[in-house]
Structure formats: structure tokens, C-alpha cells
Amino acid sequence: MKKYKNKGVSDKPSVAKETALESDAKPSVAKETALESDAKPSVAKETALESDECIIRAQSLYYEYSAGTPFSKKAVDGVSFSIKRNRITGIIGHTGSGKSTLLQMLNGLLVPMSGDVLLDSESIFRDKKTLRQARFRVGLVFQYPEYQLFEETVRKDISFGPANLGLSEEETEKRVSFACGFTGLDEQLLDKSPFDLSGGQKRRVAIAGIIAMKPDVLILDEPASGLDSAGRRVVFDGLVNYKNSTGAAVVVVSHSMEDMAKYADEVIVMAQGRMIASGSVNEVFSDRKMLTENSLEAPVISIFADELRDRLAARGIDFPKGIYTVEAALSAITALLGKEGMH
Amino acid sequence: MIKDITLGQYFPGGSLLHRIDPRMKILVAMLFIIMVFSATTVYTLAAVTVLTFLLPLIGRIPFKTVMKSILPLKWIILIMLILYLFAGAKEGDRILWQWQWHFIHIAFSVEGIAKAVCLSVRIVVLVLSTSVILSYTTSPIALADAIERLLAPLNRIKVPVHDFAMMITIALRFIPILIEETDKIMSAQASRGADFYTGNLVKRSKALIPVFIPLFVSSVRHADELATAMECRCYRGGRGRTRMKKLTYTAVDYAVFALTALLLFAVIIAADHAGGFAYL
Ligand SMILES: Nc1ncnc2c1ncn2[C@@H]1O[C@H](COP(=O)(O)OP(=O)(O)O)[C@@H](O)[C@H]1O
Ligand SMILES: [Mg+2]
């Protein structure tokens with residue numbers, strides 16, 4: 001609930017961004033001006049648009065576990081960023097880099113020891129009301145969420161959140177089918193016990209339980225871990241659909257660089273509690289040095305594409321840069337083959 | 001939230017106190033308890049108090065942490081102080097102040113105050129010494145192990161000592177896991193809008209259902225997994241079972257025991273030849 005000095009917040013992240021790539025220099029300047037745009041509405045249109053887009057903003061968040069004891073552990077240290085509507089923001093980082101701690105501050109489950117979280121430019125820690133509102137507007141799906149299921153039927157379990165929102169039965173029922181639509185759950189499963197489902201189905205029920213609350217910001221902590229590739233695809237496709245049809249911001253932690261490249265619009269890189277880079281998929285994944293320094297790796301297909309580009313360059317053939325997904329590689333190669341065929 | 005509760009206050013370290021055989025520590029703690037009760041004069045109690053306050057130093061436990069374990073005693077001490085201050089005066093005591101109304105008689109006496117203070121000190125010393133010896137510097141697992149070994153003779157009369165010790169060990173092992181899990185489930189349900197902190201008792205108890213059911217399910221799952229893992233490693237109970245960490249007494253253990261016994265002896269003798277005044 002405390003507000004700490006937030007001035008000079010933006011220097012660290014913007015430094016990180018500059019290392020990511022030049023092209024981000026402009027938006028990051030725009031963001032800084034957006035900070036003041038509340039006071040002076042007459043700023044350039046571009047900045048106004050920028051502040052509209054941004055829904056949740058973290059300002060130099062700091063969190064330490066068991067603070068004040070010999071076991072104290074710094075988990076998140078001076079992290080600032082902003083999350084935009086209608087985007088999927090990926091968070092990557094080694095295990096223990098503070099990702100889960102960070103997420104729990106975004107919906108107020110953990111109160112940062114310093115720093116603040118702004119939801120639509122208002123601190124969520126201002127009072128009980130804003131905090132409770134943040135709980136509802138920022139939906140957080142924990143890691144292994146299937147262990148939180150408790151109701152007799154899947155339907156009741158998914159209804160738990162909407163019921164807590166105080167929605168009518170009719171509206172709740174609508175929300176259940178709404179959520180099932182995005183998570184690929186068969187409506188026939190609704191009257192089964194959640195404990196009788198397969199692991200992948202349980203996971204989707206748990207995610208549906210949050211989606212049913214229609215959060216403006218949907219946050220997921222490693223939603224695909226332990227799922228097979230079909231299960232991962234269903235989960236991620238559901239997130240993309242949810243984002244597209246509601247315009248919500250989606251934040252997702254994942255260890256799969258392939259999934260990040262395929263689904264995320266922006267990527268935040270965490271290491272040892274700090275945010276060390278952020279930017280578009282292209283910006284982050286092209287910084288190989290930064291990634292390897294933090295025990296991360298670019299998607300395998302992009303390593304392949306780079307290797308291919310080098311070899312083709314030796315033969316005087318051009319191959320495009322910035323390929324991070326199989327689909328992109330495929331179309332680039334097809335295009336190349338088409339061109340070569342014309343010769 | 002829940003994780004702020006400290007359970008099992010083991011403070012890892014390599015001090016002399018940490019290295020003593022846990023069985024010997026149980027015996028030494030017993031001697032200490034006897035010593036505290038034998039110190040029936042002000043001087044001996046003062047000596048035992050000084051000795052007790054040396055223990056956290058020897059075990060390299062921060063004093064602040066130790067003080068935290070005494071803090072909950074404040075109510076007991078307060079009630080006792082009041083009782084003794086007001087009702088502790090006997091015939092022949094040096095009365096400082098008194099007040100009588102029908103059969104209610106309140107009196108402050110020098111002896112009453114001395115008794116109240118000494119008793120409070122005694123309680124603090126008792127809790128401090130046993131908690132430093134047994135809980136701050138001994139891991140719960142080592143303690144369970146030591147209890148099993150000390151009670152081994154009961155096997156002769158068919159008491160399943162090993163099984164009890166194993167149950168205690170497993171229970172201790174699972175406490176932190178279950179606390180962490182409770183915390184996680186509570187957070188997960190809170191992010192679905194569950195509210196554990198407002199409303200009347202009925203509402204708040206109901207709010208715990210979404211926590212208890214998953215917790216129960218995962219406890220059963222943990223138990224199941226553990227049982228399978230133990231069977232995979234051929235666990236078949238205590239019979240014929242050998243240990244990886246064999247407890248053996250070393251010269252240091254014997255020396256510590258001898259020293260404590262000697263101190264106890266000294267306290268008993270000194271209390272008998274009461275210089276100063278005996279308060280009990
Ligand atoms: N409940 C907790 N108590 C103490 N330390 C914790 C707790 N949760 C996480 N940590 C520590 O905080 C750091 C960050 O953890 P976490 O946020 O879970 O990272 P990630 O999700 O990136 O793996 C880790 O070093 C971890 O050991
Ligand atoms: Mg995590």
C-alpha cells in the first residue's frame with residue numbers, strides 16, 4: 001500500500017531496451033512522455049495513443065522473501081515495464097529468476113516492498129477497493145493450476161470465479177460456455193468431476209476458471225508446462241483467440257522459445273530478479289549474446305535460419321533475417337526456391 | 001500469509017552445539033531441566049541464568065531470534081507475577097503494603113516479589129535452554145532419529161518404536177511442504193476472487209472449502225507417491241534396517257555430558273549450603 005519514489009524509474013528498462021535494438025528507441029521515449037500525459041492532455045497524438053494502449057504498468061517493483069531474517073531472498077529487484085492491450089507479452093528467464101513472484105505482484109497477491117503497479121494509471125495498492133478490483137480485472141493462472149480444482153463438477157468449478165464476481169446464474173452459465181470455447185473444452189465434460197479428467201483437460205478447466213471472469217489482463221505462469229504438443233497448441237491458440245476477441249492483454253511465462261516466437265508480440269527477459277531486456281520478439285531473439293549469457297537460447301529454427309543464411313551468403317544468395325518460427329522459415333525457403341527456379 | 005509462521009526453528013550451522021550427538025543433547029537438556037529446578041537460591045539461579053544465556057552464543061544463534069521464542073511467554077509470566085505479587089505473602093514476611101476487604105487480602109512483601117521474579121526467570125531459562133539445545137541447533141529429523149535410538153529398548157516389549165519415529169519424521173518432513181502448498185492454493189483461489197478475510201465465521205469457514213479440498217487431494221497424492229517411492233527402495237519397516245548416518249558418541253559428547261553433570265552437581269551442592277536466601 002506504500003508508494004515509494006518512482007522518479008527515475010524508467011532509466012533501467014530503457015537502457016535494457018536500447019541494447020535490444022535501435023528501433024525501440026522511439027516508442028520508449030514516447031512511453032516516458034506518456035507518464036506525464038495525465039497532467040497535460042495536450043501532448044502529441046502518438047503519446048496519447050500509447051497511453052491508451054498500455055493497461056498495466058509495473059514501476060520499479062522490489063520483492064524479497066523472508067525479509068529481515070537470515071534466510072532473506074531477493075526475488076524481484078527494480079523491475080519496470082508496461083503491458084499493452086491486445087498484445088501477448090511473453091516473459092522468459094531461467095528458473096528462479098523471479099517470474100512467478102513478479103506475476104503475483106501484478107494482481108496484488110504480493111505487495112511489493114517498494115514500487116507500484118498501475119492499472120489504467122491508478123495504483124492497485126491504493127486501498128482495499130482498488131486491490132479487490134485488480135483481483136478481478138487481472139486474472140492470474142498459477143503454475144500447475146489443476147491442483148486448485150475442488151468442485152464436484154467441472155461446471156461448478158469454472159463458475160467459482162464468476163460467482164465470486166456476483167454474477168447472476170444465467171450470466172455465469174454464459175461465462176462458462178464462453179470460457180469453454182477458448183479452452184477447447186467439450187461441453188459434455190461439464191457435468192463430470194474435475195478429478196476424473198486427464199491432466200491436460202484439468203489444466204484447461206483451471207484456465208477456463210480464470211477466463212470465465214473475463215479479465216482485462218490475463219496472466220499465465222507456465223501454462224503449457226508438462227503438456228504434450230497438441231495440448232500446448234490448444235492452450236496457446238485459446239490465448240490468441242481470447243486476446244483477439246476481447247482485446248485483453250495476455251501475459252504468459254514460458255520456457256519454450258518456440259512458443260514465444262510463435263505466439264508472443266513482445267518479450268521480457270528476466271534474470272536474477274532483474275529485467276535485463278524487453279522488446280519485440282525480433283529484438284529480443286536477435287540478441288544472441290544476451291540470451292546465452294542468461295542460459296537462454298533462441299528458437300532452434302532461428303539458429304538453423306542463421307546458419308543457412310551464412311552458407312547461402314557464401315554462394316551469393318540472399319536469405320532474409322529475423323526468422324524465428326517454422327512457418328516463417330518455410331515461406332522464406334519457398335520464396336527462395338521459387339526465385340531460384342525462375343533463374 | 002501463512003508462510004510467515006515459523007515452524008521448526010532449526011537454525012543450520014556448524015557450532016559445537018550443532019555437532020553434539022542428538023541423543024546426548026536430549027540427555028543434556030534433561031540435566032539442564034533438573035539443574036534449573038535444583039537452583040533454589042538466588043545465587044545459583046543467577047549462575048544458571050548466565051549459563052543459559054551463554055548457550056545462544058555457543059550455538060551462534062542471533063539473540064534476536066532466540067528472544068522471539070520467549071516472547072509468547074509474556075502472558076504466562078504476567079499472570080504469574082500478578083498472582084505472586086498479590087498472594088505470595090506468608091506469615092513473617094516483610095510486608096511492604098497491604099489491603100484487606102472482608103476475606104480479600106492483598107499484600108506486597110519482599111519475599112513475594114523475590115519469588116515472583118525468580119519464578120519468571122526460571123520459566124524463561126527453562127524455555128531458552130531447551131529450545132536452544134533441542135530446537136535451534138538440532139534438526140527435527142536428527143531429533144526424531146535420536147528419540148528412536150533412545151527408546152530402542154522399548155522394542156523388547158513390542159512397542160513399534162521405529163514405526164513411530166518414521167511417522168514423526170515423515171510428518172515433520174511434510175509440514176513445510178503442506179504449508180507451502182496451502183499458501184499456493186490460497187493464492188490461486190484468491191485470484192479467482194475467493195475472500196478469506198471478511199464476513200462472519202460461517203462465511204469465512206465456507207471460504208476455506210476451496211482450500212481444504214485441493215489440499216486434502218494433494219496430501220493423499222503425496223502420501224501415495226511417497227509410499228510407492230519407499231516400496232521401490234524396498235522399505236519394509238524397521239527390522240534388519242541399517243542406517244547411513246550411524247550415531248556414535250565422540251569424546252566431545254562425553255566431555256559435554258560430564259561438564260553438564262558436574263555443573264548440575266555444583267548447583268545442587270551450592271543450593272544446599274544456601275548463601276543468600278533460599279526462595280523456595
Ligand atoms: N515462498 C518463497 N519463499 C522463499 N523464497 C522463495 C519463495 N518463492 C520463491 N522464492 C525464491 O525467489 C526466487 C524467485 O522465485 P520465482 O519467482 O518462483 O522464480 P521463477 O518463477 O522465475 O522460477 C527464487 O530464488 C526462489 O527460490
Ligand atoms: Mg515460476
Side-chain angles (χ1 to χ4, degrees), chain A residues 65-71 100-101 103-104 106-111 128 131-152 156-167 193-195 202 206-213 215 217-221, chain B residues 1-13 56 59-69 136 176-199 203 206-222 224-225:
Chain A
Y65 285 102
S66 319
T69 73
F71 307 104
S100 302
T101 310
L103 297 189
Q104 287 174 64
L106 293 183
N107 79 341
L109 276 173
L110 291 180
V111 182
K128 271 194 182 143
L131 197 59
R132 191 153 174 78
Q133 232 186 9
R135 284 289 153 74
F136 290 127
R137 290 191 54 200
V138 183
L140 172 57
V141 180
F142 275 74
Q143 195 172 6
Y144 299 115
E146 53 271 31
Y147 294 144
Q148 78 194 25
L149 302 178
F150 70 99
E151 278 286 10
E152 293 155 67
K156 280 189 186 170
D157 210 292
I158 300 178
S159 307
F160 183 65
N164 284 330
L165 274 170
L167 298 179
S193 160
F195 298 102
K202 278 188 199 169
I207 296 175
I210 296 287
I211 288 186
M213 297 170 77
V217 184
L218 176 62
I219 305 180
L220 304 98
D221 198 351
Chain B
M1 280 197 200
I2 279 191
K3 58 190 155 209
D4 295 330
I5 301 170
T6 47
L7 237 155
Q9 302 155 305
Y10 180 53
F11 222 86
R60 300 211 194 95
I61 313 288
F63 215 69
K64 229 169 63 188
T65 321
V66 176
M67 277 301 147
K68 255 192 227 155
S69 76
Y136 284 116
I177 293 180
L178 289 183
I179 288 182
E180 198 187 314
E181 211 137 277
T182 310
D183 210 53
K184 248 186 221 157
I185 295 171
M186 280 178 90
S187 301
Q189 305 300 25
S191 65
R192 292 210 274 168
D195 178 7
F196 306 111
Y197 302 104
T198 60
K203 184 172 166 277
K206 263 191 172 167
L208 286 178
I209 293 175
V211 177
F212 282 142
I213 291 176
L215 194 63
F216 187 75
V217 171
S218 79
S219 308
V220 172
R221 194 184 65 242
H222 281 313
D224 206 41
E225 283 167 1

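Within every chain, numbering begins at 1; the chains are lettered A, B, ... in the order of the sequence lines, protein sequences first and strands thereafter. Owing to the predicted nature of the structure, the values given are computational and were not obtained by experimental measurement.
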- Ionic contact status for B/Asp195 with A/Arg135, cut-off 4.0 Å: no
B/Lys203, NZ: over 12 other non-hydrogen atoms inside 6.0 angstrom: yes
Whatever's closer than 4.5 Å to a heavy atom in chain A on B/Phe212 counts as neither
Please determine whether the number of non-hydrogen atoms from other residues, nucleotides or ligands lying under 6.0 Å from atom CZ of A/Phe195 exceeds 12. yes
(Q) Atom CZ of residue position A/Arg132 - does it have more than 12 heavy atoms of other residues, nucleotides or ligands inside 6.0 Å? (A) yes
Applying a strict 4.5 Å limit to non-hydrogen atoms, the region of A/Tyr147 in contact with chain B is both
When every non-hydrogen atom of B/Ser191 is compared with those of A/Leu140, the smallest separation belongs to OG-O, 3.2 Å
Where the side chain of B/Gln189 meets the backbone of A/Gln148, is there a donor-acceptor pair that is under 3.5 Å apart?
yes
Of all heavy-atom pairs linking B/Pro214 and A/Leu149, the shortest is CG-O, 3.7 Å
CZ (B/Arg192) and CD1 (A/Ile158) are apart, to the nearest 0.5 Å, by 9.0 Å
Per-residue tally against chain A (heavy atom, under 4.5 Å) across B/Ala188, B/Ala194, B/Pro62 peaks at B/Ala188
d(A/Leu109 CG, B/Met186 CE) to nearest 0.5 Å is 11.0 Å
- Query: Has A/Lys202 got more than 12 heavy atoms of other residues, nucleotides or ligands less than 6.0 Å from its NZ?
  - Reply: yes
Looking only at heavy atoms, the pair that brings A/Phe150 and B/Ile213 closest together is O-CG2, 3.7 Å
